[in-house]
Amino acid sequence: MSNTNLSEQEQIRRESLSELRKLGIDPYPAAEYKTNVFAQDIHNNFEANAEKYVEVCLAGRIMNRRIMGNASFAELMDSSGRIQIYVRRDDICHGDDKTMYNTVFKRLLDIGDIIGVKGHVFKTQMGEITVHVDEFTILSKSIRPLPIVKEKDGVLFDAVTDPEMRYRQRYVDLIVNPQVRDVFRKRSQIIQSMRELFNSNGYLEVETPILQPIPGGATARPFITHHNALDIPLYLRIANELYLKRLIVGGFEGVYEFAKDFRNEGMDRTHNPEFTVMEIYIAYKDYNWMMNFTEEIVKKASLDLHGTTQVPYDDKIINLNPPFKRISMTDAIKEHTGIDISSMEEDELRKVCDSLNVPNSPEMGKGKLIDQLFGEKCEHHYIQPTFIIDYPTETSPLTKMHRSKAGVTERFELMINGKEIANAYSELNDPVDQMQRFMDQLRLSEKGDDEAMFIDLDFVRALEYGMPPTSGMGIGIDRLTMLLTNQSSIQDVLLFPQMKPEKKATSDPEEKYTEKGVPPEWVDPLKKLGYTTIAKLKEVEKPGKLANDLNGCNKKNKLGLAGLSPETVAGWLA
RNA sequence: CGGUCCGUAGCUCAGCUGGCAGAGCACCUGACUCUUAAUCAGGGAGUCGAGGGUUCGAUUCCCUCCGGACCGACCA
């Protein structure tokens with residue numbers, strides 16, 4: 001009776017659940033279920049070694065059923081893939097009692113249920129490798145129907161594509177869209193590939209604070225939170241750079257971290273409020289060395305994942321085989337605008353921006369203007385991997401001045417498919433210069449740039465003890481994964497992308513209704529008719545009509561309640 | 001934040017210039033012992049995103065709101 005808000009199919013599945021229990025079958029058994037094979041193993045090896053597959057046991061979710069009287073085919077999906085099973089009445093029911101087949105298998109089991117099967121592998125007349133089941137065990141009953149996706153010759157029918165469902169109920173997406181699982185396996189492989197390389201070089205994987213008193217190391221708006229015991233504000237980190245460099249000061253030769261960073265900014269196809277960055281810092285190296293190392297990282301990840309450095313993205317082929325093109329930012333701007341900005345000051349740059357219709361604002365300094373020019377006019381052209389090198393000092397406050405070029409720093413970004421994939425420097429280790437750069441940032445922030453960096457005095461203190469010359473690099477793991485798995489939105493490489501809260505229909509609790517004199521058994525029918533709050537109930541003008549609707553609902557849903565008179569209903573509304 | 005499009009059964013989607021709410025899959029009943037998008041016969045399933053307006057009558061037209069997608073602006 002309390003189930004009137006469930007769909008017909010959900011009610012039927014709940015009834016199946018209690019029928020199973022009445023038959024003495026636990027729909028959610030506690031015991032370990034020992035399997036000895038995965039679907040993929042059977043597909044790969046059955047034909048060569050049929051004798052090894054006479055007693056198999058596997059478990060998975062029922063994805064499809066084809067019942068033909070006393071025999072049935074079904075598809076079972078485990079973590080490795082799908083395999084067909086064949087269930088024959090007289091093979092699973094040895095005596096006269098055919099309940100396990102006629103009632104349990106045919107009627108009480110559903111698509112979505114998780115079962116274990118024991119049997120032997122054979123090949124059907126149609127040539128499909130199949131498990132002939134001798135015995136099955138219900139491992140978990142599903143009481144919510146799955147979307148039905150059918151497939152023939154690799155073509156999907158009725159595939160679930162609604163992003164709302166796919167991202168919000170990722171578990172459903174993973175069940176019905178098998179290629180989605182593959183993307184996340186690849187994501188893990190990419191991280192594994194990088195970790196292997198770093199560890200084999202003797203670099204140390206570390207963990208640094210996510211809750212930071214000063215959100216340093218990058219320019220971005222942070223999330224802010226509060227620590228009650230200390231009574232201080234804390235920020236969710238926007239970068240871990242300053243902590244990793246403290247560790248280089250502390251004497252580690254190379255440190256790296258796969259870090260979740262958090263930025264309180266816009267969300268779209270390439271931005272999620274939390275995202276993953278791998279940052280690595282290595283002593284006694286410079287950015288030239290780091291470019292070579294970055295090439296090696298990207299090449300290895302691609303080879304480990306695809307066995308090739310030619311990867312498809314959209315309609316393009318990206319060639320990740322080093323060496324990658326290297327071009328300075330000023331040359332890049334010259335290449336795409338024909339303008340040499342290398343000796344220009346702020347006023348001239350602003351005029352150039354205006355003449356090229358590049359948006360700019362008064363609080364932008366020289367560095368920001370150059371950045372803006374590059375972003376608008378150049379960035380999207382770099383489809384094949386390209387290192388953009390030597391960035392303006394103003395936008396690179398943690399970077400060493402260039403050893404020979406004035407006004408620029410030893411910094412590179414790796415652009416692939418028109419997007420920034422990696423960002424690296426020869427790290428600034430001069431504590432006096434660092435302090436000066438922080439002060440410059442402070443002035444920018446006073447000028448109105450809300451993205452200028454905070455000053456981290458402890459970091460400066462660390463540098464005062466002496467940091468070896470160091471090169472550091474960060475790679476956006478989400479974006480690298482998008483690139484290597486050919487996904488066009490960041491939501492497709494994050495298991496649980498940030499979503500707006502699910503809207504929840506307001507609904508008053510039962511007590512609110514009973515206070516008004518509504519009998520408890522009539523609360524659900526009322527809600528089903530749309531009177532989910534007392535306020536809505538009060539708006540009713542014709543109690544007779546409501547009584548009529550309720551009696552109709554009673555009859556339609558076979559609730560078996562005594563009929564209501566208009567007077568009774570009018571009493572609730574008083 | 002601006003422009004375009006979308007929201008109908010568990011899922012994928014039709015529904016014309018306003019007139020009884022539709023299909024396929026899924027579900028239920030029945031048939032069928034090698035099927036495979038199984039098939040065949042029958043059945044029931046809906047707050048047509050929410051609220052308001054116009055109308056004798058709104059899923060359809062208008063307004064507001066909510067949610068989503070794509071394209072722009074901002075950020076990694």
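Bear in mind that the values here come from a model prediction, so they are computed numbers and not experimental data.
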Look only at the side chain of A:Arg61 and the backbone of A:Ile111, and say whether a donor-acceptor pair between them is shorter than 3.5 Å.
no
NZ or CZ of A:Arg89 within 45° of A:Tyr101 ring axis and under 6.0 Å:
no
Ignoring backbone atoms, establish whether A:Asn272 has a side-chain N or O less than 4.0 Å from OP1 or OP2 of B:A76.
no
note: A:Phe122, atom CZ; B:U36, atom C1'; distance rounded to Å ~ 12 Å
Taking the same atom, C1', in B:U8 and in B:A23, what whole-Å distance lies between them?
12 Å
Nucleotide B:G72, atom C1' - distance to NE2 of A:His271 in whole Å
15 Å
Think A:Arg66 has a side-chain N or O under 4.0 angstrom from the OP1 or OP2 of B:A38?
yes
Does a donor on one side chain and an acceptor on the other come within less than 3.5 Å for A:Asp390 and A:Tyr287?
yes
Tested for ring pair (Phe, Tyr, Trp, His ring centres under 6.0 Å) against A:Phe387, the lone hit among A:Tyr382, A:Phe324, A:Phe293 is A:Phe324
Determine the interatomic distance between C1' on B:U59 and the same-named atom on B:G19; round to the nearest Å.
13 Å
With distance as the sole criterion, is a donor-acceptor pair present between the side chains of A:Arg411 and A:Asn423 under 3.5 Å?
yes
A:Asp268 atom CG is separated from B:A69 atom C1', nearest whole Å, by 13 Å
Just checking A:Leu146: base, sugar-phosphate only, or nothing, at a heavy-atom cut-off of under 4.0 Å?
nothing
Can you tell me if the side-chain N/O atoms of A:Lys150 get under 4.0 Å from OP1 or OP2 in B:A26?
yes
I need the single residue from A:Asp478, A:Thr481, A:Thr485 that forms a side-chain hydrogen bond (donor to acceptor under 3.5 Å, both in side chains) with A:Arg187. Which is it?
A:Asp478
Quick one: the side chain of A:Glu151 and the base of B:A37, do they pair up donor-acceptor inside 3.5 Å?
no
Categorize A:Thr270 for me: base, sugar-phosphate, or nothing, with a 4.0 angstrom heavy-atom threshold over every strand shown.
base
What nucleic acid atoms does A:Asn423 come within less than 4.0 Å of, heavy atoms only: base, sugar-phosphate, or nothing?
nothing
In dot-bracket form, 5' to 3', how is RNA chain B paired? Count Watson-Crick and G-U wobble pairs only if both distances fall under 3.5 Å, and write | where the partner sits on another strand.
(((((((..((((.....[..)))).(((((.......))))).....(((((..]....))))))))))))....
Rounded interatomic separation in angstrom, taking CG from A:Asp110 and P from B:G10:
16 Å
Taking all non-hydrogen atoms of both residues, which atom of A:Ala422 and which atom of A:Thr294 are closest, and how far apart?
CB-CG2, 4.4 Å
Regarding A:Arg269, tell me which of base, sugar-phosphate or nothing describes its non-hydrogen contacts under 4.0 Å with the strands shown.
sugar-phosphate
Give a yes or no on whether the ring-centroid distance for A:Tyr235 and A:Phe223 is below 6.0 angstrom.
no
Distance alone, cut at 3.5 Å: any donor-acceptor contact between the side chains of A:Arg66 and A:Gln84?
yes
Rounded to the Å, how far apart are A:Gln169 CD and B:C11 C1'?
12 Å
Under a 4.0 Å heavy-atom cut-off, which of residues 82-93 of chain A touch RNA chain B?
A:Gln84, A:Tyr86, A:Arg88, A:Asp90
Polar contact flag, side-chain donor to acceptor under 3.5 angstrom, A:Glu410-A:Thr399
no
Figure out the CD/P separation between A:Glu164 and B:C70, and round it to whole Å.
12 Å
Whole-Å gap separating P (B:A9) and CG (A:Asp162):
12 Å
Spacing of A:Asn70 atom CG relative to B:C34 atom P, expressed in whole Å
10 Å
